[in-house]
**Student:** 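First the structure, which I've put down as structure tokens, then a few questions once you've had a look.
Hydrogens, waters and symmetry mates play no part in the numbers below; they use all other heavy atoms, side chains included. Counting from 1, the numbers follow the sequence of the chain as shown.
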Amino acid sequence: MNSHCQFEIQPVTISKQTSGRKSLLDKYFDFQNDKALLKEEQSSAKRKMYMKDYVQKRECSSFRERQNRCSVESKQKARENPEYKLKDRESNHKIIKKARQCEGFRESELKAKQRSREEIETKQKDRKNTLKAKTKARQNKEFRETELKAKQRSREKIETKQKDRKNTLKAKTKARQSKEFRETELKAKQRSREQIETKQKERKKTLKAMTKARQNKEFRESELKAKQRSREQIETKQKERKSTLQAKTKARQNKEFRESELKAKQRSREQIETKQKERKNTLKAMTKARQNKEFRETELKAKQRSREEIETKQKERKKRLKAMTKARQNKEFRESELKAKQRSREKIETKQKERKSTLKTMIKARQNKEFRESELKAKQRSREQIEKQNKKKEKTHLKP
């Protein structure tokens, strides 16, 4: 080729021929055009089928649960970021504030909350959320102190006390319908009553309540009647006796209590009213008990054993002497006693008994040397007096 030759490249223009015969280029462009249209038709058909399938899937509960789970997980992941939390809260507050300006929205919101609170699941969720929030907040000392002060202030109000009582009563009545709950409650009360602290607290509460209630006259009268009715029953009497015996046996282990009890009994026995009451009670109890043959026999044996002891004999003699000296201050008693002695001495049995008793006492007393000497002297004096009297009588007879 000649190096001096020069070539020029000019633009090519494609023109559609008007003739019936198409060129290869035209056929190519037509084919590409048809292909694009076919793709569009296929994609639109696929989109329609996808949307149909999606709508059908959404109606299925499993799909919804999966979608909700995914949304919850994504929200939980997002809420781990504190900035996102703040933004989310602010946006929610703004939306709710704007919506609450409408009265209809407020009413519907209130009704929805009431309906949701009636459901058990929502109640459990609310409790769990509140518990979590409170446990987290109570880790702070200041929050605990403020909460305690707020509770103390609210408990001082009468309305809050009444509400608390009503709520506790409702909850307990509902729970006590279950047999298992009643058994567990009973066991827990028994365990708590065994502790000294709980006993003291219960006593203080009952004392406060009773002192407050006894200010009312009607309550005092009804309480007195109820006690009288209960004391008439045999079971209540036995229970009271057992409880008092247990309490006294426990308390008497302390030396100070025993001493104070003894002093109190001594002071009470000095009073005439207490003596009379004790005598009446002992007489009633003994008359009731002596109806039993075995009791009479055991009592007789016990008395015989006690009379054989020297100390008991001396005590009985002292008591009899005191009683007789007190009673002989009355003239009527002395006269009746003298008449009774005279009547008894007329009987042969009494005379024999007196002789036997005097002989026993004299034999016992004559074992003592001093007594024998004094007796001898007394006999000598009596004999001298008899001789003197006889001499006087003889002198009187001898006179003209």
**Student:** Test: salt bridge (charged side-chain N to carboxylate O under 4.0 Å, His left out). Region: residues 116-130. Which pairs qualify, not counting sequence neighbours?
**Tutor:** none
**Student:** Rounded at 0.5 Å granularity, tell me how far CG in L245 sits from CZ in R252.
**Tutor:**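 The distance works out to 8.0 Å.
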**Student:** Throw together a table of side-chain donor-acceptor distances under 3.5 angstrom for residues 227-235, partners on residues two or more places apart or in other chains.
**Tutor:**
from	atom 1	to	atom 2	distance (Å)
S230	OG	A226	O	3.3
S230	OG	K227	O	2.8

**Student:** Please indicate whether I120 has more than 12 foreign heavy atoms, meaning atoms of other residues, nucleotides or ligands, lying under 6.0 Å from its CD1.
**Tutor:**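 Check fails, neighbour count at 12 or below.
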**Student:** Quick one: CZ on R106 to CD on Q101, what's the gap to the nearest 0.5 Å?
**Tutor:**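 Those atoms lie 9.0 Å apart.
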**Student:** How is the hydrophobic cluster of M362 composed, in terms of its other members, when Ile, Leu, Val, Met, Phe, Trp and Tyr link through side-chain heavy atoms under 4.5 Å apart, directly or indirectly?
**Tutor:** F371
**Student:** Please report the closest heavy-atom contact between K284 and T287, naming both atoms and the distance.
**Tutor:** O-OG1, 2.7 Å
**Student:** Work out which heavy atom in Q177 is nearest to a heavy atom in T173; give both atom names and the distance.
**Tutor:**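 Nearest pair, atom of Q177 first, then T173: CG-O, 3.5 Å.
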**Student:** Does a side-chain heavy-atom distance below 4.5 Å link R69 with E73?
**Tutor:** yes
**Student:** What pairs with T160 under side-chain contact (heavy atoms from CB on, under 4.5 Å), at least two apart in sequence or on another chain?
**Tutor:** S154, K157
**Student:** What distance separates R144 CZ from T146 OG1, expressed to the nearest 0.5 Å?
**Tutor:** 10.0 Å
**Student:** How many angstroms lie between CD in Q276 and CZ in R279, if you round to the nearest 0.5 Å?
**Tutor:** 7.5 Å
**Student:** Atom CD of residue position E183 - does it have more than 12 heavy atoms of other residues, nucleotides or ligands inside 6.0 Å?
**Tutor:** yes
**Student:** Can you list every salt bridge (charged side-chain N to carboxylate O under 4.0 Å, His left out) pair that touches residues 82-96, not counting sequence neighbours?
**Tutor:**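 Of all non-adjacent pairs touching residues 82-96, those that pass salt bridge (charged side-chain N to carboxylate O under 4.0 Å, His left out) are R79-D88.
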**Student:** Donor-acceptor check, side chain of N33 to backbone of F29, threshold 3.5 angstrom: yes or no?
**Tutor:**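 Judged by distance alone, no pair lies under 3.5 Å.
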**Student:** Within a radius of less than 6.0 Å around CD1 of I158, do more than 12 heavy atoms belonging to other residues, nucleotides or ligands occur?
**Tutor:**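 Incorrect, the count does not exceed 12.
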**Student:** Can you tell me how far NZ of K388 sits from CD of Q385, rounded to the nearest 0.5 angstrom?
**Tutor:** 7.0 Å
**Student:** Among residues two or more places apart or on two chains, list those pairs meeting salt bridge (charged side-chain N to carboxylate O under 4.0 Å, His left out) that have a residue in residues 353-378.
**Tutor:**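 Qualifying pairs: R366-E375.
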**Student:** Nearest 0.5 angstrom please: L169 CG to R176 CZ, how far?
**Tutor:** 8.0 Å
**Student:** Evaluate side chain to side chain contact (heavy atoms under 4.5 Å, CB included) for F295 paired with M286, printing each intermediate quantity in order.
**Tutor:** CA-CA 10 Å; F295 180 81; M286 293 298 278; 4.3 Å; yes
**Student:** Evaluate side chain to side chain contact (heavy atoms under 4.5 Å, CB included) for E107 paired with E103, printing each intermediate quantity in order.
**Tutor:** CA-CA 6 Å; E107 290 175 357; E103 194 174 346; 3.6 Å; yes
